[in-house]
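What follows is a single structure, and I will ask about it in a moment.
The figures here come from the full heavy-atom set of this structure, side chains too, leaving out hydrogens, waters and symmetry mates. In this text, all values refer to a predicted model and were calculated from it rather than measured experimentally.
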Amino acid sequence: IAASTQKLFEETILLAVECTGELFRTMKRPMENLCYAGGTALSCPTNSRLFREGPFKNLYIPPDCDDSGLSLGGALYLYHNILDHPLPPADEGTSFVGSYPYLGGAFEGAAVEAALDAVADQVDVARPDDWALAAAEDIAEDRVVAWFEGRSEIGPRALGHRSLLANPGKEANWERVNDIKAREKWRPFAPAVLEDEASRWFQGAPALSPHMLYTAQVTTPDLPAITHVDGSSRLQTVSSEVEDFYRMLTHLKTLTGYGVVLNTSFNGPGEPIIERPEEALHFLLSTALDALYMDGCRITRQGASI
């Protein structure tokens with residue numbers, strides 16, 4: 001039933017987009033670009049078919065394609081269409097596109113120290129010279145870590161600022177991370193991959209997929225923890241604009257040979273993605289998570305032998 005429903009949904013969306021393209025052609029205003037949003041845009045298999053089979057050359061889907069994007073869309077419409085402010089040139093917009101998902105709260109410095117002080121008798125805190133390298137080493141040594149960097153992501157996807165990370169080359173990590181998140185064992189996981197490494201490991205998706213909204217086919221058996229039963233995976237491509245998360249992946253490539261990590265949302269069952277340092281520490285203390293990386297610190301449960 002679910003497969004049939006998905007199939008019908010995909011065909012309906014494809015037809016709607018085909019009709020939209022035909023409408024523009026009939027008006028003698030052919031378009032190459034399609035911006036697509038709404039809750040239906042969270043269907044990665046559908047988005048992938050639009051990319052491969054749709055009539056538009058370029059397809060853009062924002063990370064906040066669920067209802068959380070309505071307020072931003074309304075503000076942008078007012079700013080550009082009502083108040084007549086011009087759109088920025090494409091070259092100036094590059095960094096905005098890269099940083100766009102990270103619009104949530106930023107908790108650094110004093111906020112993190114206050115949260116650590118509150119659980120000082122329960123955690124051990126190390127401050128490595130390079131926290132991105134330390135996290136990559138933990139992942140390469142098959143530890144499951146949480147990554148808490150800068151501003152949180154808008155939308156429902158974990159995009160490397162509030163993420164749980166594990167080695168994708170270890171098949172057991174599929175079940176292991178599901179246990180940590182207390183969710184069903186069958187639920188699949190997504191990879192984050194260095195942008196220039198994506199074509200090495202995945203095919204059938206756009207070269208750039210920064211918001212984790214397309215599926216691709218995994219081209220190797222070496223990444224079983226992120227490969228679904230049909231050989232697919234919902235990938236996020238990571239550029240240098242994602243800062244320390246990008247550096248962590250670069251270190252991981254040096255250590256393991258692949259700049260790919262299992263990346264899932266940093267939250268427990270039925271809970272929103274973690275936002276604040278206090279929530280991150282509570283997760284560490286209440287689960288089998290091996291380490292939490294936050295604001296340059298490596299944090300473990302006190303007395304943990306790792």
Same apolar cluster: V260 and L133, side chain cutoff 4.5 Å: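 No, because V260 and L133 fall into different hydrophobic clusters, even though each may have its own neighbours under 4.5 Å.
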Any V123 side-chain heavy atom under 4.5 Å of Q302 side chain: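 Counting from C-beta outward, V123 and Q302 never come under 4.5 Å.
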Distance-minimising heavy-atom pair for P188 and H228: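 Answer, listing the atom of P188 first, then H228: CB-ND1, 3.7 Å.
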R234 and R157: CA distance, side-chain angles, deciding distance, side chain to side chain contact (heavy atoms under 4.5 Å, CB included) verdict: CA-CA 11 Å; R234 183 186 70 203; R157 305 287 191 237; 3.7 Å; yes
Sidechain-backbone polar pair: E153 side chain, R162 backbone, donor-acceptor under 3.5 Å: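 Answer holds: yes.
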R200 bridged to E197 by N-O distance under 4.0 Å: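 Counted as a salt bridge, because a side-chain N and a carboxylate O are separated by less than 4.0 Å.
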Contact check, side chains of F202 and I226, non-hydrogen atoms, under 4.5 Å: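 Counting from C-beta outward, F202 and I226 do come under 4.5 Å.
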Minimum side-chain heavy-atom gap P191-S233 below 4.5 Å: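 They are in side-chain contact.
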N/O donor-acceptor pair under 3.5 Å between D295 side chain and E108 backbone: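 No.
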Interatomic spacing from CG in L249 to OH in Y258 - rounded to 0.5 Å: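 The CG atom of L249 sits 12.0 Å away from the OH atom of Y258.
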Inter-residue atom distance Y246.OH - E241.CD, 0.5 Å rounding: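 Between atom OH of Y246 and atom CD of E241 there are 10.5 Å.
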Donor on one side chain, acceptor on other, T219 and Q203, under 3.5 Å: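 Short answer, no.
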Verdict with reasoning, E149 to W131, per side chain to side chain contact (heavy atoms under 4.5 Å, CB included): CA-CA 11 Å; E149 176 186 352; W131 72 316; 4.1 Å; yes
Atom of L213, atom of A41 and distance for their closest heavy-atom approach: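 Closest pair (atom of L213, atom of A41, distance): CD2-O, 3.9 Å.
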Carboxylate-amine/guanidinium contact K185 D179, below 4.0 Å: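 Salt bridge: yes.
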Crowding at CD, E141 (>12 non-hydrogen neighbours, <6.0 Å):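 Above 12, so yes.
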Point-to-point distance, once rounded to the nearest 0.5 Å, from CZ of F56 to CZ of F24: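 Reported value, rounded in 0.5 Å steps: 6.0 Å.
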Residues F245, V261; criterion side chain to side chain contact (heavy atoms under 4.5 Å, CB included); working and verdict: CA-CA 11 Å; F245 187 60; V261 70; 4.3 Å; yes
pair Y36-V17: side-chain heavy atoms closer than 4.5 Å: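 No - every pair of side-chain heavy atoms lies 4.5 Å or more apart.
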E22 and R25 ion-paired at < 4.0 Å: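 Yes, E22 and R25 are salt-bridged.
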F283 and L292, any side-chain heavy atoms less than 4.5 Å apart: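 No, too far: nothing below the 4.5 Å cut-off.
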H282 backbone acceptor or donor facing S286 side chain under 3.5 Å: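 Side chain of S286 to backbone of H282, a donor-acceptor pair under 3.5 Å: yes, one is there.
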Minimum heavy-atom distance between Q217 and G231, given as atom pair plus value: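 Scanning both residues, the minimum pair turns out to be NE2-O, 3.3 Å.
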In one Ile/Leu/Val/Met/Phe/Trp/Tyr side-chain cluster, 4.5 Å: W186, W174: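 Different hydrophobic clusters.
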Check: E275 side chain, S152 main-chain N or O, donor-acceptor pair, under 3.5 Å: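 No; judged by distance alone, with no hydrogens or angles, the pair does not exist.
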From CD (E271) to NZ (K181), nearest 0.5 Å: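 Result: 9.5 Å between the selected atoms.
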Steps toward side chain to side chain contact (heavy atoms under 4.5 Å, CB included) verdict (R151, L103): CA-CA 6 Å; R151 292 185 175 275; L103 299 175; 5.9 Å; no
Closest non-hydrogen atom pair between L281 and A115, with its separation: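 Scanning both residues, the minimum pair turns out to be CD1-O, 3.5 Å.
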Backbone of A207 reached by a side-chain donor or acceptor of Y214 within 3.5 Å: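 Here the side-chain-to-backbone pair does not exist.
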Main-chain N/O of H80 paired to H85 side chain as donor or acceptor, under 3.5 Å: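 Between the backbone of H80 and the side chain of H85 there is no qualifying donor-acceptor contact (under 3.5 Å).
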Whether E279 side chain and R276 backbone form a donor-acceptor pair below 3.5 Å: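 Answer holds: yes.
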C65 to L42 - nearest heavy-atom pair and separation: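 Minimum heavy-atom contact is SG-CD2, 3.3 Å.
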Nearest-0.5 Å distance that lies between atom CD1 in I299 and atom CZ in R127: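 That separation rounds to 8.0 Å.
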Within one Ile-Leu-Val-Met-Phe-Trp-Tyr cluster: V177 and L284, side-chain cutoff 4.5 Å: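 In one cluster: yes.
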Exam field: side chain Q236 to backbone L159, donor-acceptor pair closer than 3.5 Å: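 Such a contact is found between Q236 side chain and L159 backbone.
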Salt bridge R247-E243, side-chain N to carboxylate O under 4.0 Å: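 No salt bridge links R247 with E243.
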ILVMFWY network linking F51 to I61, side-chain heavy atoms under 4.5 angstrom: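 Linked, F51 and I61 end up in one cluster.
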Side-chain heavy atoms of N173 within contact of P168, under 4.5 Å: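 Counting from C-beta outward, N173 and P168 never come under 4.5 Å.
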Student check: side-chain heavy atoms of W201 and V218 closer than 4.5 Å: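 They are not in contact (no side-chain heavy atoms under 4.5 Å apart), so the answer is no.
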D67 atom CG, over 12 foreign heavy atoms within 6.0 Å: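 No.
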R176 bridged to D142 by N-O distance under 4.0 Å: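 Yes, charged N to carboxylate O under 4.0 Å.
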Closest non-hydrogen atom pair between L235 and A216, with its separation: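 Closest approach of L235 to A216, heavy atoms only: CD2-CB, 3.6 Å.
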CG/D117: more than 12 non-hydrogen atoms of other groups inside 6.0 Å: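 Yes, CG of D117 has more than 12 neighbouring heavy atoms, counting only those of other groups under 6.0 Å.
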Donor-acceptor pair, side chain of N178 and main chain of R183, under 3.5 angstrom: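 Looks like no, no N/O pair under 3.5 Å.
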Student check: side-chain heavy atoms of F189 and L164 closer than 4.5 Å: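 No, every pair of side-chain atoms sits at 4.5 Å or beyond.
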Sidechain-backbone polar pair: S265 side chain, I273 backbone, donor-acceptor under 3.5 Å: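 A pair under 3.5 Å: no.
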Side chains of D244 and Y293, donor plus acceptor under 3.5 Å: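 Their side chains do not contain a donor-acceptor pair, so the 3.5 Å distance test is not met.
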F9-L50 co-clustered via ILVMFWY side chain contacts under 4.5 Å: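 Yes, one cluster joins them.
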W147 CH2 to M294 CE distance, which is reported to the nearest 0.5 Å: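 Answer for the CH2-CE pair, W147 versus M294, is 12.0 Å.
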Test item: side-chain donor near acceptor, Q6 and T46, under 3.5 Å: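 There is such a pair (donor and acceptor under 3.5 Å, judged by atom type) between the side chains of Q6 and T46.
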